[in-house]
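Report on the following structure.
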Amino acid sequence: MLKVEVDGKEVEVQHGATVMEAANKLGIYVPHFCYHKKLSIAANCRMCLVEVEKAPKPLPACATPCTDGMKIRTHSEYAQKAQNGVMEFLLINHPLDCPICDQGGECQLQDLAVGYGKSNSRYQEEKRVILPKEVGPLVAAYEMSRCIQCTRCVRFGQEIAGVMELGMIGRGEHSEIVAFVGRTVDSELSGNMIDLCPVGALTSKPFRYTARTWELARRKSVSPHDGLGSNLIVQVKQNTVMRVLPLEKEDINECWLSDKDRFSYEGLNSPDRLTQPMVRKDGQWQETDWQTALEAVAAGLKAAGNDVGVLASPHSTLEELYLAQKLARALGSEKVDFRLRQSDFSADGKLGGAPWLGLPIAGLGTLDRVLVVGSFLTKDHPLIANRLRQAAKRGMKISILHSTDDDLLMRVANKVIVPPSELPNALSKIMEGPVGESLKSGKNVAILLGNFAQQHPQAAQLHAIAQSIAASLGAKVGFLGEAANSVGGYIANAAGKVNAGAILASPPKAMLLLNTEVGLDCHDPRKALAAVDKSGFVVALSAFGREASAYADVMLPIAPFTETPGTFVNTEGRVQTFHATVRPLGETRPAWKVLRVLGSLLGLPGFDFETAEQVRVECLQGRDVATLLSNQTSVAVKPAGGGASGVQRVADVPIYFADPLVRRSEPLQKTTDARPPAARMSARLMAELGVAEGDRVRVRLGEGEAELAVAADERVPERCVRISAAHPWTASLGAMFGELRIEKVSVRAAA
């Protein structure tokens, strides 16, 4: 350890620590713009100049390493004169547009100009002007004249997002930040550039000119999307969510947010929002009051006896899932499930607990070898991908077994890309090749099963093989949770003896759908839609009405995560409770209250809850969640069979179609990740089928079919076609896995 003195206070720091880190350790603020604790040191703003004893000139605190006995003065007259001079230079060309700047009130330059700037400028020359730039639907770069070239956005792309989408061109006063020619900013983490920008050069395009920061109330919440459970600050004005920002939580989301977490709030007030109970009468939808709607639901469920099925979304809260399964079981039914995209349930009853990550999220950075099986990692789990990306820079060796060769924007040591049917066989032989050698050389090893592996028709076998490999290596096995409550659903006991596949295969007399859009959220949407059509009575508890109106008999408007208290259990098993940030819209009610009242109307015991907290307490019953977690299974490892001979479907769930809320966020639906699905295949398969890029093809899977455009994609294995799921264009195709039949669609020439 080194001993240094900062402003007369002594502190011990590690070898290699900078003056900035020493000052921060003492709680001494040094003004800065380009420095950020998560980014590399650029030392280009020079705002952090400090006085160092015996140094011939002021030195940048962010880039000056500490030496033993060093004496530093951060606010001496000498240091302040240097800092004042830097501020004067920064303001030479900065436009005087604070009154109309979206950054006003939370601008770092504005704040520091008060302390280190002058009331007027000595420079009378014309200020430079940089033209606005169009970089996509999420980030606004219209006032780049404000840019002070701190390069935080550039470094973020290179170091955190893993892709350099912005860069600096020119020299001196002609320097400017630009995107690559003809390109937009498409990273799934791009919104963090807005937070990083210390001025108003990069701002939020959806939030632009809608509110001032001092008008906004700030409330804590938790993301309802992927299994990470990112912590949020929801900013509210007049009972409307105006913006979502990250709440720093180092051991979960650090200081970052994925764009899905940041911009999905735009879907909260979608035109599709359901705000009034609706009952179908004589084939027509009619608005009604809650009492009438609930009595209609109670009558329909009573008429079904114990033949009631409940399909609940894993994006629902713990309280909602618990009451939904409690309602089903109180009616005498075991037909309840939340695992909507799962197709293999052969491990049911053999799991020791809830499939979870197998280690803390922060522990991912301490691993030295990782095998990721079946995961569209950067899109399914953007911030977990970032943790692995940073660990790879520190020497972790990552191996991939998957059915597409996507660019994960990180250094990958080994990859095995096979058709979906070959995944179990490839995993059983993984130790015989370079991947095995890599795993054997590690001391802290994990095998992580992604969404694709969990949705696979042989998911239990993949899990069992992974367990076998892990046992031989002394490694951990973990599941990358697909949704906010993929772990919480198990804890709430929301997986009954009759699974989702069986419920849809033999539709019950009545079905209750909780936050579920069966045509987009299920493994086989074609079968799911047919099942709800055959069911005699369908109740949809949903925040949105468009999808449910096609098949429901009653629609009950329930609150999204911003309008209800609740709990999510993230992929590491952490219980995170949150409160409502705004009042429910219209006649919307929290789903836990709707289920509680419904239970009471049906005369069922145990539904006399007054608060969501009481529901949570009963669900957990004082149990330590850690004791409920396990990823052990007794499923036998079967001999790996041969692969399918036909053309196979590779189905991803696009990042902005994964749940009902993101599907309705207009800014997210304008991104490249939300482009319509295509039949993506290799050039060799295109030649075999006699099609060219842009041609229309009719794709059949079993009795389902869809018509799509052809796109060339060499990342897809031979004799495979990548066709996205969870999209209206592909819902009619059917299951996420299976053999395809493809034919070119004849297009007649225009007359």
Side-chain angles (χ1 to χ4, degrees), residues 101-103 106 132-144 146-147 152-167 177-211 213 216 223-226 228 230 232-235 240-247 253-270 378-383 385-386 409 562 654-659 661-676:
C101 179
D102 252 6
Q103 199 86 345
E106 52 188 7
K133 295 172 175 60
E134 184 59 59
V135 296
L138 305 179
V139 180
Y142 296 147
E143 287 90 11
M144 294 305 288
R146 301 171 183 161
C147 178
R152 280 184 176 183
C153 57
V154 178
R155 285 176 285 145
F156 171 82
Q158 289 176 297
E159 299 165 16
I160 306 299
V163 55
M164 185 176 178
E165 295 182 296
L166 296 178
I177 301 293
V178 297
F180 288 93
V181 178
R183 298 284 296 275
T184 54
V185 174
D186 299 323
S187 165
E188 61 280 348
L189 301 176
S190 66
N192 293 291
M193 294 179 180
I194 299 165
D195 298 339
L196 287 172
C197 185
V199 295
L202 299 178
T203 54
S204 169
K205 189 172 283 189
F207 177 70
R208 182 176 166 83
Y209 295 149
T210 58
T213 181
L216 303 175
S223 168
H225 302 300
D226 63 34
L228 187 71
S230 295
L232 313 175
I233 296 174
V234 178
Q235 298 190 331
T240 301
V241 176
M242 305 300 292
R243 184 166 61 167
V244 170
L245 297 175
L247 174 62
N253 56 298
E254 301 176 86
C255 57
W256 312 121
L257 275 189
S258 70
D259 289 350
K260 180 162 64 171
D261 296 334
R262 183 184 298 270
F263 295 109
S264 66
Y265 75 89
E266 284 286 313
L268 290 170
N269 297 313
S270 158
T378 56
K379 304 302 179 184
D380 291 345
H381 311 283
L383 291 176
N386 173 54
L409 307 174
T562 51
I655 183 172
Y656 302 136
F657 283 92
D659 62 73
L661 186 56
V662 294
R663 289 195 281 264
R664 288 166 175 83
S665 172
E666 188 177 341
L668 293 179
Q669 293 307 310
K670 293 178 180 177
T671 63
T672 57
D673 279 323
R675 62 186 182 273

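In what follows, residues are counted from 1 in the order of the sequence shown.
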Exercise. For the residue pair R675 and T672, what are the closest heavy atoms and their distance?
Worked result: NH1-O, 2.8 Å
For this session: Would you sort out whether L138 and V185 count as a side chain to side chain contact (heavy atoms under 4.5 Å, CB included), showing the intermediate values?
Result: CA-CA 8 Å; L138 305 179; V185 174; over 6 Å; no
For this session: Say whether, by atom type as modelled, one donor and one acceptor occur between the side chain of S190 and the main chain of D186 under 3.5 angstrom.
Result: no
Exercise. Just by distance, do the side chain of K133 and the backbone of V178 share a donor-acceptor pair under 3.5 Å?
Worked result: no
Exercise. What distance do Y209 atom OH and S204 atom OG have between them, rounded to the nearest 0.5 Å?
Worked result: 12.5 Å
Exercise. Can you name the nearest heavy-atom pair linking L216 to A211, along with the distance?
Worked result: CD2-CB, 3.8 Å
For this session: Measure the spacing between CZ of R664 and CG of N269 and express it to the nearest 0.5 Å.
Result: 13.0 Å
For this session: Mind checking the CG-OG spacing from L268 to S665? Nearest 0.5 Å is all I need.
Result: 9.0 Å
Problem set entry | ring-ring contact (aromatic ring centres under 6.0 Å, His included) involving Y265 - partner list, sequence neighbours excluded | none
For this session: First locate atom CE of M164, then atom CG of L409, and finally report the distance between them rounded to the nearest 0.5 Å.
Result: 14.5 Å
Problem set entry | Min side-chain heavy-atom separation N192-I160 under 4.5 Å | no
Problem set entry | Which atom of M242 lies closest to which atom of F207, heavy atoms considered | O-CD1, 3.3 Å
Exercise. Could you go step by step and tell me if L189 and L383 meet the side chain to side chain contact (heavy atoms under 4.5 Å, CB included) rule?
Worked result: CA-CA 8 Å; L189 301 176; L383 291 176; 3.7 Å; yes
Seminar exercise, completed: Nearest heavy-atom contact between Y142 and K205 is OH-NZ, 3.1 Å
For this session: For residues L202 and M144, determine if any side-chain heavy atom of one lies less than 4.5 Å from a side-chain heavy atom of the other.
Result: yes
Exercise. With a 4.5 Å limit on heavy-atom distance, are the side chains of I655 and T671 in contact?
Worked result: no
Exercise. Short question: side chain of R146, backbone of G200 - any donor-acceptor pair under 3.5 Å?
Worked result: yes
Problem set entry | Heavy-atom side-chain proximity of T203 to Q103 below 4.5 angstrom | yes
Problem set entry | Note, V135 side chain near M193 side chain (heavy atom, < 4.5 Å) | no
Exercise. Counting N and O atoms only, with roles assigned by atom type, does the side chain of R152 sit under 3.5 Å from a partner on the main chain of C197, one being a donor and the other an acceptor?
Worked result: no
Exercise. Taking all atoms of both residues into account, what is the closest heavy-atom pair of C153 and I177, and its distance?
Worked result: SG-CG2, 3.9 Å
Problem set entry | Note, F263 side chain near V244 side chain (heavy atom, < 4.5 Å) | no
Exercise. Any side-chain heavy atom of L232 sitting closer than 4.5 Å to one from L257?
Worked result: yes
Problem set entry | Test salt bridge (Lys or Arg N to Asp or Glu O under 4.0 Å) applied to E254 - qualifying residues, sequence neighbours left out | K38
For this session: Give the C-alpha distance, both sets of side-chain angles, the deciding distance and a yes or no for salt bridge (Lys or Arg N to Asp or Glu O under 4.0 Å) between E188 and K260.
Result: CA-CA 7 Å; E188 61 280 348; K260 180 162 64 171; over 6 Å; no
Exercise. Under 3.5 Å, side chain of E266 to main-chain N/O of E666, donor-acceptor pair present?
Worked result: no
For this session: Can you see which heavy atom on G191 is nearest to which on D259, and at what distance?
Result: N-OD1, 2.7 Å
For this session: Indicate yes or no: does R262 engage D195 in a salt bridge with an N to O separation below 4.0 Å.
Result: yes
For this session: Please answer whether the main-chain N or O of H381 pairs with a side-chain N or O of D226 as donor and acceptor at a distance below 3.5 Å.
Result: no
Exercise. What residues form a ring-ring contact (aromatic ring centres under 6.0 Å, His included) with Y656, not counting sequence neighbours?
Worked result: none
Exercise. Quick check: does any side chain N or O of E106 sit under 3.5 Å from a backbone N or O of T213, one acting as donor and the other as acceptor?
Worked result: no
For this session: Check the surroundings of atom CD in E134: do more than 12 heavy atoms from other residues, nucleotides or ligands lie under 6.0 Å from it?
Result: yes
Exercise. Does the side chain of H225 come within less than 4.5 Å of S264's, by heavy atoms?
Worked result: yes
Exercise. Looking only at atom types and distance, does a side-chain atom of S230 sit under 3.5 Å from a main-chain N or O of N253, one as donor and one as acceptor?
Worked result: no
